[in-house]
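Position 1 is the first residue of the sequence, and the numbers go up from there.
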Amino acid sequence: MNTATLTADRAFPRKRHLSLLSGSFALFNSLRIVAYLPTLHAIQSSGHADQHSLFTWLTFLGANLTMALWLLEQNGGRMNRAVAVNAFNALMCGAIAASIAWLRWMQPNSSFPTFF
């Protein structure tokens, strides 16, 4: 057996592994993006945000945004799927945080503001 055959044999399982990993990434991050929608709907339909932590959602926003920016920097400024997913997750966390803040501070019938 020569070196070229050994290298080719190792390359095929790696390609398969990367393909499965990429598919898993796409599946679970798509599900995560969809999972934000019930929370956003619950906040808006109830009209009450006191059961949701603004601090938690701002932390998630910061984590996703900085991860997207870090990935973008590591990728030489080129956009890829991982950057886009983290940026969209940051957008959804921002939407939830904005909904919580709106219902706590800007809604006309709010009794008293709570910060976190």
Side-chain angles (χ1 to χ4, degrees):
M1 196 176 273
N2 63 25
T3 309
T5 305
L6 289 174
T7 305
D9 289 343
R10 289 184 195 152
F12 180 72
R14 177 156 171 78
K15 275 186 154 181
R16 185 172 176 201
H17 167 75
L18 290 176
S19 177
L20 289 173
L21 189 59
S22 180
S24 296
F25 176 83
L27 172 69
F28 286 109
N29 278 285
S30 297
L31 291 174
R32 181 167 61 158
I33 289 168
V34 171
Y36 290 121
L37 297 176
T39 302
L40 196 55
H41 175 71
I43 292 169
Q44 288 301 313
S45 65
S46 73
H48 300 287
D50 54 345
Q51 72 276 19
H52 297 277
S53 169
L54 181 59
F55 179 74
T56 298
W57 286 104
L58 289 173
T59 301
F60 291 162
L61 167 64
N64 282 301
L65 184 60
T66 55
M67 184 64 170
L69 292 171
W70 182 81
L71 286 169
L72 187 64
E73 184 67 28
Q74 293 296 313
N75 202 26
R78 292 183 311 270
M79 182 70 99
N80 65 11
R81 184 175 16 191
V83 174
V85 164
N86 279 282
F88 194 78
N89 281 326
L91 177 72
M92 294 301 287
C93 291
I96 291 171
S99 293
I100 293 169
W102 171 263
L103 290 173
R104 287 189 184 171
W105 299 315
M106 304 300 286
Q107 189 178 30
N109 61 355
S110 60
S111 56
F112 67 94
T114 55
F115 291 100
F116 296 102

Query raised in the report: Are more than 12 heavy atoms from other residues, nucleotides or ligands located less than 6.0 Å from atom CZ of F25?
Result: yes

Query raised in the report: Should we say atom CD of Q51 is surrounded by more than 12 heavy atoms from elsewhere, each under 6.0 Å from it?
Result: yes

Flag yes if [X] and [Y] sit in one hydrophobic cluster, no otherwise; membership is Ile, Leu, Val, Met, Phe, Trp, Tyr, and two members link when side-chain heavy atoms are under 4.5 Å apart.
{"X": "M67", "Y": "V83", "value": "yes"}
{"X": "W70", "Y": "L65", "value": "no"}
{"X": "I100", "Y": "L91", "value": "yes"}

**Report entry** Taking every non-hydrogen atom, the tightest pair across A87 and A68
**Finding:**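 Result for this residue pair: N-CB, 3.7 Å.
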
Report summary line: Looking only at heavy atoms, the pair that brings M79 and A84 closest together is SD-N, 3.9 Å

**Report entry** Side chains of R81 and S22 in contact at under 4.5 Å (non-hydrogen atoms)
**Finding:** yes

With a 3.5 Å cut-off and sequence neighbours excluded, list the donor-acceptor pairs that the side chains of residues 31-43 form with protein atoms.
unit_1	atom_1	unit_2	atom_2	d
R32	NE	N29	OD1	3.4
R32	NH2	N29	OD1	2.8

For residues 54-64, dump all side-chain donor-acceptor pairs below 3.5 Å to protein atoms at least two apart in sequence or in another chain.
unit_1	atom_1	unit_2	atom_2	d
T56	OG1	S53	OG	2.9
T59	OG1	F55	O	2.8
N64	ND2	F60	O	3.0

Query - N/O donor-acceptor pair under 3.5 Å between S24 side chain and L20 backbone - result: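 The answer is yes, because a donor-acceptor pair under 3.5 Å joins these two groups.
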
